Number of protein chains: 2
Amino acid sequence: MAKTASSKEAILAAGRREFAARGFSGARVEAIARAAGCNKAMLFYYFSSKEKLYRAVLAGALGEIFAELGGVVHARLTPERFMERFPGIYIRFLARNPDLPRILVFDLIRDPENFSRTMAGIFRENSEFNPQRFLGMVRSWHDQGLIAEEDPLHFMLNVISLSIFSFVGRPMVEAISGLRSEDGEAFYRARIRSVVRLLKKGMLK
Amino acid sequence: MAKTASSKEAILAAGRREFAARGFSGARVEAIARAAGCNKAMLFYYFSSKEKLYRAVLAGALGEIFAELGGVVHARLTPERFMERFPGIYIRFLARNPDLPRILVFDLIRDPENFSRTMAGIFRENSEFNPQRFLGMVRSWHDQGLIAEEDPLHFMLNVISLSIFSFVGRPMVEAISGLRSEDGEAFYRARIRSVVRLLKKGMLK
DNA sequence: GTTTGGTTTAACCATACGGTTAATATAACA
DNA sequence: TGTTATATTAACCGTATGGTTAAACCAAAC
């Protein structure tokens with residue numbers, strides 16, 4: 001680390017980890033710098049403030065998520081195929097990048113306005129995921145009588161809730177149940193199976 | 001405010017609002033005291049540290065949530081009736097107390113261990129919601145062939161995800177869709193309808 | 001080998017913040 | 001009314017933290 005030209009990347013990566021673990025206010029600029037293998041001043045040299053670094057991290061995280069999702073939407077699937085594939089792709093992707101849902105949810109609560117603006121920015125620049133196209137797809141599924149849900153917004157909320165909250169809510173459910181669920185791979189496999197079944201059975205007409 | 005004997009309550013209430021809005025590290029002790037109409041030192045007089053106050057707030061929030069849920073479980077419903085009633089009760093309750101899901105999710109991310117411990121404490125003292133009884137109920141539904149999901153943990157994750165993430169994720173979905181959803185009552189009514197339909201159709205055998 | 005431009009550092013700075021203290025006000029009650 | 005226990009406050013305190021600065025380092029260009 002601390003090798004020229006990669007310092008900026010190292011800071012971004014370390015920032016992502018720190019912000020995901022402690023949220024914006026909990027994150028310490030100095031800790032980020034240390035984790036990136038450089039001096040605190042470097043961070044300000046490249047990002048000029050904690051806030052700016054945070055925004056860069058958030059934008060990066062959102063960008064990665066939607067890049068990943070772009071493919072599923074481009075594929076023009078049937079709703080059945082969509083519900084079979086979407087949870088798996090999304091859940092596995094988040095499992096590989098557990099910092100992303102944390103940052104996302106943290107920011108969603110702390111500052112919904114900022115979150116919305118950042119997302120709007122992503123869509124404007126990065127065309128890999130086109131929300132209007134996705135919405136149109138969902139609406140046409142309903143018009144063709146393929147899915148029961150008439151409101152695309154609630155369709156999305158259902159699909160996304162089940163995927164994202166798998167991560168955030170897991171400790172909660174474990175605490176209620178007292179059961180420590182199997183770690184890693186086994187848990188995600190079971191989770192995907194359950195979500196896919198629920199969505200296919202519950203949303204298809 | 002600042003009237004004897006209610007100061008402690010005022011601080012707890014103000015703390016709940018502040019922690020919900022900014023998370024633990026983002027919350028300012030001084031801001032809480034001011035919002036409670038008293039001096040910062042009062043806060044330490046009653047709660048001795050920010051951390052202790054936070055724990056009290058979290059415990060209170062969780063206690064209220066599970067007190068609310070206790071009734072549904074005690075009622076020994078059929079799975080069909082359960083899925084008809086649970087989302088409505090839960091979503092409406094959270095809508096009336098929007099700080100609760102925020103605090104909960106904040107803490108869930110920041111410190112899952114602490115969250116688990118707090119919840120275990122709640123169950124030990126407050127018997128209004130009995131997790132083992134609830135799990136038993138779900139398991140028996142499956143054994144009787146009434147529901148498809150064989151794993152009570154994933155049953156719970158599904159049900160809870162759909163309810164809680166309605167709140168947290170709403171700005172996200174609005175940002176994707178570009179549609180600003182109807183406020184308050186109309187949104188929650190639609191949300192409950194969608195979740196109930198999905199659960200009944202998707203989880204009942 | 002000297003200039004030049006981006007990169008890196010150590011040492012600072014101001015302040016915001018959690019927490020303390022010692023003194024005062026208030027209520028309870030004998 | 002005097003005594004005691006609880007509430008409440010203003011004034012502090014030490015430190016952690018975001019941010020700055022000025023100087024040094026170092027590669028490439030000339």
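If you're wondering where the values come from, they're calculated on a predicted model, not measured in any experiment. Proteins get letters first, then strands, A, B, ... in listed order; numbering begins at 1 in each.
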Between [N] atom [atom2] and [X] atom [atom1], what is the distance in whole Å?
{"X": "Glu30(B)", "N": "dT20(C)", "atom1": "CD", "atom2": "P", "answer": "15 Å"}
{"X": "Lys8(A)", "N": "dT8(C)", "atom1": "NZ", "atom2": "P", "answer": "12 Å"}
{"X": "Met42(A)", "N": "dG18(D)", "atom1": "CE", "atom2": "C1'", "answer": "17 Å"}

(Q) Distance check, rounded to the nearest 0.5 Å: Leu12(B) atom CG versus Glu9(B) atom CD? (A)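 The CD atom of Glu9(B) is 5.5 Å from CG of Leu12(B), to the nearest 0.5 Å.
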Q | Interatomic distance, Lys200(B) atom NZ to Arg81(B) atom CZ [nearest 0.5 angstrom] | A | 9.0 Å
(Q) It should be established whether Tyr46(B) places a side-chain nitrogen or oxygen under 4.0 Å from OP1 or OP2 of nucleotide dT8(D). (A) yes
Q.
Centre-to-centre under 6.0 Å for Phe24(B) and Phe106(B), is that the case here?
A.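 No.
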Q | side chain to side chain contact (heavy atoms under 4.5 Å, CB included) assessment of Phe167(A) paired with Val105(A) | A | CA-CA 11 Å; Phe167(A) 295 87; Val105(A) 173; over 6 Å; no
Q.
Under 4.0 Å, heavy atom to any atom of DNA chain C: which of residues 15-28 of chain B qualify?
A. Ala27(B), Arg28(B)
Q. Looking at DNA chain C, which of residues 48-61 of chain B put a heavy atom within less than 4.0 Å of it?
A.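 Listed by number, they are Ser49(B), Lys50(B).
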Q.
With heavy-atom distances below 4.5 Å as the criterion, would you say the side chains of Arg76(B) and Arg133(B) are in contact?
A.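 Result yes, sub-4.5 Å side-chain heavy-atom pair found.
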Q | Residue from Arg96(B), Arg191(B), Arg92(B) passing salt bridge (charged side-chain N to carboxylate O under 4.0 Å, His left out) with Glu185(B) | A |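 That would be Arg92(B).
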Q.
Taking the basic N atoms (NZ, or NE/NH1/NH2) and the acidic carboxylate oxygens, is any pair closer than 4.0 Å for Arg16(A) and Glu64(A)?
A. yes
Q | Comparing Tyr45(A) and Lys40(B) on DNA chain C - which has the more 5′ nearest nucleotide | A | Tyr45(A)
